[in-house]
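FYI, side chains are in, hydrogens and waters are out, and symmetry mates aren't considered; it's all heavy atoms of this structure.
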Amino acid sequence: MFCVQGFIVTDRFRELERPQTGRLKDVVLMATVSGFESLRIPRKSDMKQFSELFEPLFLGSSSEARRQAAAALSQCPHVPEPVAALIGSMPISIAAIFLTRSQALSDRTLIGIIRQQGSAHAGAIARRAALSPSVIDALVEHHNPAGLSARPDVRQRSVAEPPAPTEPDVDAARAAREETLRAEIKALARAGAHEAAAAASTIIPISATLIALLVRFARSGEIILFSRALATALDTGGPLVERILLDVSGQQLATSLIALSLPTDDLIFVLQSLYPHLAERIGGASRAEALTGTMDPTSCRERLDAWLLSETRDDAPAARHQAYLADDHANDARQPTVRKVAGAVGGAKGQRAFGRR
């Protein structure tokens, strides 16, 4: 049995394939992904169950939910190979972020995607931070499938029937070819980084699926899963989300959610659920209503843009996926000990916000 934050999934999950449950599938898909991400070191049985459950949910969900699932799993170090191959074979609008960032993709899977998919998929793979020689060879073959025999100078040499090249010559030619390709890949990577930085400055309003997940996780006090859903909505890593949530005044979270165009009722509910002191009433309104009532959506988007852009600067530390119950407890804001420290800074009421289950 595989439990996913309120959903007990058994062999009867096939009933989710009914047409009228499309929206439910989107929610269950993201909850399933969040539940799997929370496993620090998944067992073989966990990997198998997740793989079996993921495919029908993923294929039956909307394109928007597929993109969100692919983005979330791109930061997960443990992804079953069938799941990675399935995501990588999706249209490039869904697979791009996974192909570019995921460290769970094996060389065999990458090479298979390069050979079976189009140039867009190969371009996304070429932007990866590190590539093995075998993947580079596959990219070279995809870029020049006819090989060296298509070059005029090679055809002329073949007519003269020169002696067969020696092993050192073959190695030197291969090294030169790889070095040329590496230069091209670095150029593509630099161009991709500029595109990503430009895209980061444009905030996309939050989807209905993520709204449902944020409200659900706030209601149940699941701060870890809430932070993952928020990171997906912001398309950013964990460090920025942790800094937002550790502001026990609730102002940074309110800024982020207003920038994402979260409906007002859901915004107030989320703030009061995560920070109980904001539910206290002053006159005819709660503290959360007083806080958000003075915040301008345009200013909120500008502030969130600045936070997101700071995460993409070259001098900023790279975002790192840190699984639930990580060894580095002192720096993991999701651990109870750190939450208590945050509460001590923000007051006793702020401490109860992150301790609520």
_Quick check on the hydrophobic clustering: are V83 and I97 connected, directly or via other members, by side-chain heavy-atom contacts under 4.5 Å?_
no
*Mind checking whether I111 and V79 sit in one hydrophobic cluster, side chains of I, L, V, M, F, W, Y counted as touching below 4.5 Å?*
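Result: yes, single cluster for both.
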Spell out, as yes or no, whether a donor-acceptor pair under 3.5 Å connects the side chain of [X] to the backbone of [Y].
X    : Y    : value
R66  : L59  : yes
D137 : S134 : no
Q116 : I114 : no
S227 : I224 : yes
D247 : Q252 : yes
S51  : M47  : no
R281 : R287 : no
T232 : R228 : yes
H277 : V248 : yes

*side-chain contact (heavy atoms from CB on, under 4.5 Å) between Q251 and I244, worked out*: CA-CA 8 Å; Q251 185 169 2; I244 291 172; over 6 Å; no
*S207 and Q68: side-chain donor and acceptor closer than 3.5 Å?*
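Short answer, yes.
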Taking C-beta and beyond as the side chain, do [X] and [Y] meet within less than 4.5 Å on heavy atoms?
X    : Y    : result
L214 : D266 : no
V270 : F226 : yes
L131 : I125 : yes
M30  : T209 : yes
L260 : L210 : no
R115 : E141 : yes
L230 : L257 : yes
P297 : R301 : yes

_Verdict with supporting geometry, L253 and Y275, side-chain contact (heavy atoms from CB on, under 4.5 Å)_ = CA-CA 10 Å; L253 179 58; Y275 307 103; 3.7 Å; yes
Could you state the interatomic distance from [atom1] ([X]) to [atom2] ([Y]), rounded to the nearest 0.5 Å?
X    : Y    : atom1 : atom2 : result
C76  : F98  : SG    : CZ    : 9.0 Å
D296 : I258 : CG    : CD1   : 9.0 Å
I282 : E289 : CD1   : CD    : 10.5 Å
L110 : L105 : CG    : CG    : 5.0 Å
S102 : Q75  : OG    : CD    : 10.0 Å
I94  : S63  : CD1   : OG    : 4.5 Å

*Worked verdict on E81 versus T109 for side-chain hydrogen bond (donor to acceptor under 3.5 Å, both in side chains)*: CA-CA 8 Å; E81 189 166 346; T109 302; 3.3 Å; yes
Over all heavy atoms of both residues, which pair between [X] and [Y] is shortest? Give the atoms and the distance, please.
X    : Y    : answer
L271 : G250 : CD2-O, 3.8 Å
G60  : K25  : O-CD, 3.7 Å
A254 : T292 : CB-CG2, 4.1 Å
L274 : A218 : CD2-CA, 4.2 Å
D107 : S132 : OD2-OG, 2.8 Å
T100 : A124 : OG1-O, 3.4 Å

*asked:* By the definition side-chain contact (heavy atoms from CB on, under 4.5 Å), identify the one residue from V215, L262, I211 that meets it with L267.
replied: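 Of V215, L262, I211, side-chain contact (heavy atoms from CB on, under 4.5 Å) with L267 is met by L262 alone.
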_Please evaluate residues L73 and V33 with respect to the criterion side-chain contact (heavy atoms from CB on, under 4.5 Å), reporting the C-alpha separation (whole Å), side-chain torsions for both, the decisive distance (0.1 Å), and the verdict._
CA-CA 7 Å; L73 288 176; V33 170; 3.8 Å; yes
*Q117/S89 under side-chain hydrogen bond (donor to acceptor under 3.5 Å, both in side chains): CA gap, chis, key distance, verdict*: CA-CA 7 Å; Q117 304 299 324; S89 64; 5.1 Å; no
_Restricting to side-chain contact (heavy atoms from CB on, under 4.5 Å), what partner residues turn up for Q272, sequence neighbours left out?_
I268, A279, S286, A288
*Within a radius of less than 6.0 Å around CZ of R108, do more than 12 heavy atoms belonging to other residues, nucleotides or ligands occur?*
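Incorrect, the count does not exceed 12.
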*asked:* If you apply the rule salt bridge (Lys or Arg N to Asp or Glu O under 4.0 Å), what do you find for R216 with E222, and how did you get there?
replied: CA-CA 9 Å; R216 175 185 179 82; E222 295 289 350; over 6 Å; no
*Mind checking what makes salt bridge (charged side-chain N to carboxylate O under 4.0 Å, His left out) contact with E55, not counting sequence neighbours?*
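For E55, no residue satisfies salt bridge (charged side-chain N to carboxylate O under 4.0 Å, His left out) once neighbours in sequence are set aside.
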_Applying ring-ring contact (aromatic ring centres under 6.0 Å, His included) as the test, list every pair that has at least one member in residues 56-85; sequence neighbours left out._
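Residue pairs with at least one partner in residues 56-85: F54-F58.
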